[in-house]
Q: 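Would you mind keeping the following structure in view while I ask a few things?
Please read these numbers as outputs of a predicted model, since none were measured by experiment. Chain identifiers are assigned alphabetically (A, B, ...) following the order of the sequence lines, protein sequences preceding nucleic acid strands; residue numbering begins at 1 within each chain.
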There are 2 protein chains.
Amino acid sequence: MSSTVFVVETPKSWQAGPLNIRPRTGPGSDPAKAHRERLTTDRIVDEALEQMREVGYDGVTMRSIARALDTGPASLYAHVANREELDQLVVDRIASEVRIPEPDPDRWDEQIKEMMRAALTTYRAYPGAARATMAIIPTGYGALRNAEGLMALCRAGNVPDQAAAWFGDLISLYIGAVAVEEAIWSERAKVHADADPERVVAAVTSYFAELPADEFPMLSSLASVMTAGVGDDRFEFGLAVLVAGLKSYSETARVAESEAGGR
Amino acid sequence: MSSTVFVVETPKSWQAGPLNIRPRTGPGSDPAKAHRERLTTDRIVDEALEQMREVGYDGVTMRSIARALDTGPASLYAHVANREELDQLVVDRIASEVRIPEPDPDRWDEQIKEMMRAALTTYRAYPGAARATMAIIPTGYGALRNAEGLMALCRAGNVPDQAAAWFGDLISLYIGAVAVEEAIWSERAKVHADADPERVVAAVTSYFAELPADEFPMLSSLASVMTAGVGDDRFEFGLAVLVAGLKSYSETARVAESEAGGR
DNA sequence: ACCTGAACACCGTTCAAGT
DNA sequence: ACCTGAACACCGTTCAAGT
């Protein structure tokens with residue numbers, strides 16, 4: 001019966017608003033002297049997010065956050081139950097950044113794409129945060145807000161409620177996965193300093209090209225096709241496929257179709 | 001120039017074949033006396049996979065694998081470069097389990113779905129292995145084999161090569177994400193012993209139902225719709241959307257469409 | 001109520017030394 | 001070439017004690 005199963009528990013950061021990264025120094029002009037700012041859940045989430053941007057998911061630890069906040073790791077546990085809850089809060093902060101459009105029946109499909117682009121953009125600003133999505137089930141305020149917004153857009157497009165609900169799940173999984181994949185590449189680029197994106201793509205392309213042609217006839221002959229569109233083209237294709245697939249569930253499409261078939 | 005950037009390096013387990021989990025005891029009848037079997041990359045991967053099934057991704061460590069193999073953690077590093085490479089090998093073993101159908105132009109779309117169902121089924125057999133996918137870019141033999149097979153199916157469906165290539169990326173991200181999400185639920189079910197799936201769904205449903213109706217009119221009124229289809233219905237919907245979206249790129253569909261429009 | 005130091009029970013990885 | 005013990009530099013989390 002207890003709702004702790006879902007680790008939702010309406011966190012205090014619900015009212016948090018925009019990402020609002022504050023400067024690291026204390027309130028006074030002498031940061032060494034000024035007694036440290038009081039610890040809050042928000043400050044912990046801010047710091048986690050900031051570090052995920054700088055060093056990726058694996059680089060952020062309870063201890064690294066505590067260090068930056070000039071305290072010990074144990075102190076964090078007064079505001080955050082554990083690492084999993086912190087991941088929840090981080091993901092929810094990112095979800096909260098996505099602007100939710102007023103549904104317009106004439107361009108509901110394009111509005112869905114806009115929401116998705118906005119979500120990916122925010123993830124891109126904080127590589128590393130994406131991995132946090134994969135460690136939790138997003139059920140915080142921001143995630144619910146987005147789900148509500150998406151449902152409303154789908155209804156504007158005459159998509160049946162069940163399809164809309166499942167579509168929300170589908171698309172948020174897709175965006176999370178894309179963000180994680182991009183984060184892996186960007187972390188790898190940091191390690192291998194020689195890896196400017198262009199060179200990497202070229203190298204992967206020739207890796208495909210050199211696969212044994214008898215076993216991999218398509219991959220080897222289509223090497224450049226396989227690695228094309230690392231940037232937005234690939235993602236735009238994904239959006240297009242998903243939204244096109246969703247439209248096949250739209251009631252208006254169904255009606256038009258059955259009319260065409262019926263005569 | 002060095003291909004180490006991609007951590008592919010044609011692992012010895014290429015020929016590995018089926019999952020082939022062997023019994024834990026040594027070759028002799030007295031496991032304590034029999035000198036330990038020689039360590040191999042395959043045995044390490046087997047053990048990692050087995051543990052991922054039993055205890056999930058986080059429970060599997062270099063040390064836990066070494067312990068089960070009756071040796072110290074340092075010994076593993078003679079056969080596996082690091083944890084990331086091990087994850088690569090684990091994922092690739094799973095990818096290798098997927099049967100690749102002979103393309104049939106009459107049911108290429110259904111064949112794609114069959115491949116995807118098979119992939120998810122294998123992930124489900126090893127919850128935890130899914131999280132490994134999210135830590136790497138799959139480029140091993142098994143993953144390439146699947147990509148090649150998918151490209152062939154797409155060609156049988158007259159899907160342009162570029163669309164096919166991107167679709168392969170899209171669908172493998174989706175399946176990985178679904179598998180990860182399912183693994184999270186199943187791990188959570190293990191911790192909260194009270195959580196048989198039915199109760200959990202009921203609890204989540206009432207969580208949605210009790211959301212403030214003014215802020216979440218759709219989520220609160222559609223609670224049971226939001227949580228419906230936790231099993232295969234949801235996944236089948238995803239497959240249907242993706243394949244329907246893909247078909248809108250098929251040349252034959254395009255021709256039929258332009259013919260209909262052109263007259 | 002919030003914060004702290006110190007400790008517990010772990011990690012991945014390296015490295016000199018053995019066979 | 002393969003394996004080992006011991007060590008290094010970390011983890012998340014707990015807990016009694018302080019304010």
Side-chain angles (χ1 to χ4, degrees), chain A residues 4 7 9 11-13 26 34-45 47-48 51-52 54-90 128 131-132 134-136 184 187-188 191, chain B residues 4 7 9 11-13 26 34-45 47-48 51-52 54-90 128 131-132 134-136 184 187-188 191:
Chain A
T4 58
V7 201
E9 294 300 304
K12 298 149 206 165
S13 53
H35 59 80
R36 292 194 302 286
E37 250 180 286
R38 232 156 171 297
L39 225 45
T40 64
T41 305
D42 268 355
R43 289 187 66 218
I44 293 169
V45 175
E47 183 58 39
Q51 290 191 15
M52 283 183 184
E54 285 164 9
V55 297
Y57 185 78
D58 286 324
V60 183
T61 67
M62 290 299 200
R63 297 176 111 99
S64 73
I65 294 166
R67 212 148 40 222
L69 259 25
D70 208 9
T71 181
S75 304
L76 305 181
Y77 288 83
H79 301 92
V80 169
N82 49 36
R83 176 66 201 252
E84 187 179 341
E85 188 179 295
L86 179 56
D87 281 344
Q88 279 272 11
L89 295 172
V90 163
R131 278 268 296 281
M134 292 296 155
I136 59 151
I184 295 174
E187 274 176 45
R188 194 170 291 180
V191 176
Chain B
T4 57
V7 201
E9 294 299 303
K12 296 150 208 163
S13 54
H35 59 79
R36 293 195 300 287
E37 246 180 290
R38 235 161 168 292
L39 225 46
T40 63
T41 306
D42 269 354
R43 290 186 64 217
I44 294 169
V45 175
E47 183 59 39
Q51 291 192 14
M52 283 184 183
E54 286 164 8
V55 297
Y57 185 79
D58 286 326
V60 183
T61 68
M62 289 300 201
R63 294 175 113 99
S64 73
I65 294 166
R67 211 148 40 223
L69 259 24
D70 207 11
T71 181
S75 303
L76 305 182
Y77 288 83
H79 302 92
V80 169
N82 49 38
R83 176 69 200 250
E84 188 181 338
E85 189 180 295
L86 179 57
D87 281 343
Q88 280 272 8
L89 295 173
V90 164
R131 278 268 296 281
M134 292 295 156
I136 58 152
I184 295 174
E187 275 176 45
R188 194 170 291 181
V191 176

Q: What does C/dT19 pair with, Watson-Crick or G-U, if both distances are under 3.5 Å?
A: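 Pairing partner: D/dA1.
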Q: Nearest whole angstrom, please: distance from the C1' of D/dC3 to the CZ of B/Arg38.
A: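 Atom-to-atom, B/Arg38 to D/dC3, this comes out as 9 Å.
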Q: What's the CG-P distance between A/Asp58 and D/dC10, to the nearest Å?
A: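 Computing the A/Asp58:CG to D/dC10:P distance gives 15 Å.
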Q: Tell me the interatomic distance from A/Leu76, atom CG, to D/dT14, atom P, rounded to whole angstroms.
A: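 Whole-Å distance recorded here is 13 Å.
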Q: Roughly, in whole Å, what's the span from OH in A/Tyr77 to C1' in D/dA17?
A: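 Those two atoms, OH and C1', are 19 Å apart.
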Q: From the options C/dC2, C/dG12, D/dA6, select the nucleotide whose nearest atom is closest to the side chain of B/Arg63.
A: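 When the side chain of B/Arg63 is considered, C/dG12 is the closest of C/dC2, C/dG12, D/dA6.
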Q: Now, which nucleotide makes the Watson-Crick or G-U wobble pair with C/dC11, with each of the two distances under 3.5 Å?
A: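 WC or wobble partner does not exist here.
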Q: What distance separates A/Leu76 CG from A/Glu85 CD, expressed to the nearest 0.5 Å?
A: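 Result: 12.0 Å between the selected atoms.
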Q: Quick check on DNA chain D: between B/Pro73 and B/Leu39, whose nearest nucleotide comes earlier from the 5' end?
A: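 Comparing both residues, the 5'-ward one is B/Leu39.
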Q: Less than 4.5 Å apart, side chain to side chain, heavy atoms only: is that true for A/Met52 and A/Asp87?
A: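 Yes, side chains in contact.
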Q: Mind calculating the distance between CG (A/Leu69) and C1' (C/dC3) to the nearest angstrom?
A: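 Interatomic distance, CG of A/Leu69 to C1' of C/dC3: 13 Å.
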Q: With distance as the sole test, does B/Gln51 use its side chain to make a donor-acceptor pair with the main-chain N or O of B/Ser64 at under 3.5 Å?
A: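 Flag set: sc B/Gln51 to bb B/Ser64 pair under 3.5 Å.
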Q: Just the rounded figure in Å: distance from P of D/dC11 to CD1 of A/Ile65.
A: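 In whole Å, D/dC11 P and A/Ile65 CD1 are 11 Å from each other.
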Q: What's the closest nucleotide to the side chain of B/Ala74 if the choices are D/dT14, D/dG5, C/dG12?
A: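 Looking only at heavy atoms from C-beta outward on B/Ala74, the closest nucleotide is D/dG5.
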Q: Ignoring backbone atoms, establish whether A/Thr61 has a side-chain N or O less than 4.0 Å from OP1 or OP2 of D/dG12.
A: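 Checking D/dG12 against A/Thr61, a side-chain N or O does come within under 4.0 Å of OP1 or OP2.
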Q: State whether B/His79 places a side-chain N or O below 4.0 Å from either non-bridging phosphate oxygen (OP1 or OP2) of D/dA1.
A: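 Looking at the OP1 and OP2 atoms of D/dA1, neither is under 4.0 Å from any side-chain N or O of B/His79.
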Q: Separation of A/Arg83 atom CZ from C/dC10 atom C1', in whole Å?
A: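 After rounding, the gap between these two atoms is 16 Å.
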Q: Do B/Arg43 side-chain atoms and B/Glu37 backbone N/O form a donor-acceptor pair below 3.5 Å?
A: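 Here the side-chain-to-backbone pair exists.
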Q: Can you check the A/Asp87 CG to D/dC11 P distance for me, whole Å?
A: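 Checked: the CG to P distance equals 15 Å.
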Q: Just by modelled atom types, is the A/Ile44 backbone N or O under 3.5 Å from a matching donor or acceptor in the A/His79 side chain?
A: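 Judged by distance alone, no pair lies under 3.5 Å.
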Q: Ignoring backbone atoms, test whether B/Arg67 places a side-chain nitrogen or oxygen under 4.0 Å from the OP1 or OP2 oxygen of C/dC10.
A: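 No, outside the criterion.
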Q: Indicate whether OP1 or OP2 belonging to D/dC2 is found under 4.0 Å from a side-chain N or O atom of B/Ser75.
A: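 Checking B/Ser75 against D/dC2: no side-chain N or O falls below 4.0 Å of OP1 or OP2.
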